[in-house]
Amino acid sequence: MDYRQLGRSGLKVSTIGLGSWLTYGRSVDDDSAHDCLSAALERGVNFFDTADVYANGEAEKTLGAWLAGVPRGDVVVATKTYFQMGPGPNDRGLSRKHIMESCHASLRRLGLDYVDLYQCHRYDAETPLDETLRALDDLVARGDVLYAGISEWTAGQIDEAVRRQQAAGLRPIISNQPQYSLLARRIETDVLPTCRANGIGQVVFSPLAGGILTGKYRPGEPPPAGTRSAHPQDSQFTARAFRTDVLEAVERLSREVAEPLGISVTQLSLAWILRQDGITSAIVGARSVEQVAQNIPAADVELDTETIARVEAIMEPFQTMLQPA
């Protein structure tokens with residue numbers, strides 16, 4: 001496993017991270033989730049990402065129960081806040097009140113004294129940016145949070161946040177968590193350059209496009225039972241890309257590029273991401289130990305420029321297929 005510094009911080013995270021969106025505390029039972037988490041840790045993963053809104057706090061509880069048996073220094077734990085977590089008018093957003101209360105609630109669910117990375121899950125246009133940035137800085141000063149990050153902010157919002165933090169002498173944002181894959185490359189236009197210029201690392205989510213880039217879906221066939229695209233609710237995240245032409249392109253990617261290299265199309269898709277400038281870690285989901293074992297070897301796959309060009313040529317017509325979630 002390779003480890004990279006997150007932004008301009010000294011924090012090092014594994015190039016493959018394990019997330020819990022749409023899985024732990026929801027569609028995967030706790031025993032299976034704990035098996036996946038342990039399998040990832042045993043294979044060198046140290047970066048574990050969640051959010052308060054995932055399964056309405058249950059994902060954090062599942063992760064917390066596992067963390068109780070893990071040396072704290074062995075893991076980097078990340079969570080997020082922004083989305084609605086209760087019926088009240090202050091139960092969402094990035095106000096000082098919601099950030100502080102949400103952080104403490106996450107710490108209780110996780111069973112931790114601090115989280116390594118605390119992320120603003122979206123941008124809050126209703127709260128003054130200075131209020132949000134000061135609240136994050138205060139959490140770091142108190143020791144409840146070690147580093148602050150963001151998720152799915154625009155390049156302009158990121159640039160303005162950096163400018164205000166520098167002007168006020170606040171601790172910098174070190175990470176951004178955007179959607180990024182061969183089917184979702186919008187961040188390359190302005191978000192990636194802005195983050196590179198400001199020392200902000202990318203810990204990307206949905207790197208396999210909800211399973212589309214794993215090759216498990218066949219053109220002209222319904223999704224297999226138990227997969228995300230077969231789930232009544234989860235399928236909304238892959239519906240745009242669940243098309244015959246996209247699935248045929250993934251088959252080409254597997255047949256023409258991955259197989260000659262002796263790797264899976266899953267590993268190829270992840271390795272492509274990890275060779276892009278500015279990417280620190282790709283956060284994968286896993287419902288089984290087998291999926292963990294399939295994903296993690298991608299961290300060690302080297303791709304030359306010719307291979308990268310072949311990958312991009314096959315997938316180029318679909319590179320903005322998926323909208324940020």
message = Between R108 and E60 (salt bridge meaning N to carboxylate O under 4.0 Å), is one present in this structure?
response = no

query = Could R243 and F318 be counted as a cation-pi pair, given that NZ or CZ must be under 6.0 Å from the ring centre and within 45° of the axis?
reply = no

inquiry  = Pairing donors with acceptors under 3.5 angstrom, does anything connect the side chains of D52 and S106?
reply    = no

key: Check: R122 main-chain N/O paired with W153 side-chain donor or acceptor under 3.5 Å   = yes

key: Residues Y54, R26; criterion side chain to side chain donor-acceptor pair (under 3.5 Å); working and verdict   = CA-CA 8 Å; Y54 294 168; R26 186 171 180 267; over 6 Å; no

request  = Establish, from distance only, whether the side-chain atoms of T15 and R4 form a donor-acceptor pair under 3.5 Å.
outcome  = no

key: salt_bridge(D49, K80) N-O dist < 4.0 Å   = yes

inquiry  = Between R72 and D113 (salt bridge meaning N to carboxylate O under 4.0 Å), is one present in this structure?
reply    = no

message = Quick check: is I173 connected to V203 through a chain of hydrophobic side chains (ILVMFWY, heavy atoms under 4.5 Å apart)?
response = no

Side-chain donor/acceptor of T127 to backbone N/O of D124, under 3.5 Å = no

inquiry  = Checking side-chain polar atoms at under 3.5 Å, does Q119 have a donor or acceptor matched by the opposite partner on Y82?
reply    = no

ask   = Between Y24 and W66, is a ring-ring contact (aromatic ring centres under 6.0 Å, His included) present by the stated rule, with each step listed?
value = CA-CA 11 Å; Y24 308 147; W66 176 76; 9.6 Å; no

query = So, E101 side chain and H98 main chain: donor-acceptor pair closer than 3.5 Å or not?
reply = no

query = Is the backbone of T23 close enough, under 3.5 Å, to the side chain of S20 for a donor and an acceptor to pair up by distance?
reply = no

task = Determine whether I174 and L192 fall in the same hydrophobic cluster, where Ile, Leu, Val, Met, Phe, Trp and Tyr are linked whenever their side-chain heavy atoms lie under 4.5 Å apart.
result = no

Sidechain-backbone polar pair: Y118 side chain, L146 backbone, donor-acceptor under 3.5 Å = no

message = So does I200 get a backbone contact from the side chain of N198, meaning a donor-acceptor N/O pair under 3.5 Å?
response = no

message = I'd like to know if the side chain of E152 reaches the main chain of Q179, judged simply by a donor and an acceptor atom lying under 3.5 Å from each other, with no hydrogens or angles considered.
response = yes

ask   = Does S95 offer a backbone N or O that forms a donor-acceptor pair with the side chain of E131 under 3.5 Å?
value = no

message = Between S9 and L6 (side chain of the first, backbone of the second, donor and acceptor by atom type, cut-off under 3.5 Å), is there such a pair?
response = yes

